[in-house]
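Nothing fancy with the numbering, it's 1 onward along the sequence. As the structure is a prediction and not an experimental result, all values here were calculated from the model. Just so you know, ligand 1 is whichever comes first in the structure, and atom 1 is the first atom listed for that ligand.
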Amino acid sequence: MCKNPFTSGQLQEFNRTGHLTIAQLFDASIIQSVLSDLTIWSKEVLATLRTEDQQWFLERGTPTGKLLRKLDNPVFHRESFRHLATHACLTPLIHQLLGSECHLFFSQVFMKPPEAGSPKPIHQDNFYFGPDNLDATLTVWVALDDATLTNGCLHYCNRHQSEVLPHFAPEGEPYNLQIAANHFDQQQLSPTPIASGGVSFHHGNTPHFSAANQSKVSRRAVAFHYLRNDATLINSGLDYDPAMRIDIG
Ligand SMILES: O=C(O)CCC(=O)C(=O)O
């Protein structure tokens, strides 16, 4: 059974705050099948990861061995993630927020392993993506594990931002583009804990971050990034491969 469409109150909330979170969009069986597939895929990636890619995909300084930090383009590579990103319970909600003609252009799994998962600093997705229309991108973030205050749930700014602020990447961390600390204080952003199967939707301009995983349990999540078909990425902070586009119904 799918959830009802967003109410006009929820749509107003999204327009005011730049984000919306709903509990239990996906049931435990579909999340479990994604997690089983993720375990298989993670082993395959770790076994074949090139030295030059380790900086991007592995957590740093983990004494007990190699731990994956993230995996890119799960929707392109794995049927289980494609099923989730194009699920009939999800796509009507995406169309309500973004319009009817859109596609997925990028996806990423954030692994946040127990006691080792690193923080994702405050950023706006639109700095990474650089669309020609700032209202044309939407991120759908699916909690695969329960996301809590101690294992690194998302924190959101609660008012819509019309501009994209300058970002910088620290030395050796090109994947951690972030807003300078004098623009946003982490304390101003609200934590959004959510149980496995819950989903957060955010506008591409919404500042957000996740803290380090200080707990003994994983905080795995997948982010799906959608773009309206009448928009183009013209000024991206990182490279996105147009061949990995997935059309959604
Ligand atoms: O899952 C995380 O820790 C970060 C997610 C994120 O930044 C995003 O989905 O845009």
### Query
Considering Lys70, Arg220, Arg219, which one's heavy-atom position lies nearest to atom 2 (C) of ligand 1?
Arg219
### Query
With respect to atom 10 (O) of ligand 1, which of His208, Gln124, His155 exhibits the smallest heavy-atom separation?
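Among His208, Gln124, His155, the closest heavy atom to atom 10 (O) of ligand 1 comes from His208.
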#### Entry: Donor-acceptor contact below 3.5 Å, side chain Asn126 vs main chain Leu134
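Checking the backbone N and O of Leu134 against the side chain of Asn126, a donor-acceptor pair under 3.5 Å is found.
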### Message
Could you tell me, atom by atom, which parts of ligand 1 come under 4.0 Å of a heavy atom of Ala223?
### Response
9 (O)
### Message
Ring centroids only, cut at 6.0 angstrom: are Phe105 and Phe129 within range, meaning strictly under it?
### Response
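Centroid distance Phe105-Phe129: below 6.0 Å, so yes.
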### Message
Just verifying a value: how many Å separate Leu154 CG and Ile194 CD1, rounded to the nearest 0.5 Å?
### Response
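Between Leu154 CG and Ile194 CD1, I get 10.0 Å after rounding to 0.5 Å.
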### Query
Should you measure from each heavy atom of Thr139, which atoms of ligand 1 turn up under 4.0 Å away?
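The atoms of ligand 1 under 4.0 Å from a heavy atom of Thr139 are 9 (O).
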### Query
Does a sphere of radius 6.0 Å around CG in Asp247 hold more than 12 heavy atoms from other residues, nucleotides or ligands, not counting ones at 6.0 Å or beyond?
yes
### Message
For the CG atom of Asp72 and the CZ atom of Phe57, what is their distance to the nearest 0.5 Å?
### Response
4.5 Å
### Task
Number the atoms of ligand 1 from 1 as they appear, then name those within less than 4.0 Å of a heavy atom of Ser210, with their elements.
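Checking each atom against Ser210, I get 2 (C), 3 (O).
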### Query
How close does the nearest protein non-hydrogen atom get to atom 5 (C) of ligand 1, and which residue and atom is it?
Phe110 CE1, 3.5 Å
### Message
Does Arg159 have more than 12 heavy atoms from other residues, nucleotides or ligands lying within 6.0 Å of its CZ?
### Response
no
#### Entry: Ligand-residue contact atoms, ligand 1 with His123, heavy atoms, under 4.0 Å
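In order of number, 7 (O), 10 (O).
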### Summary
So the atoms of ligand 1 within less than 4.0 Å of a heavy atom of Asp125 turn out to be 10 (O)
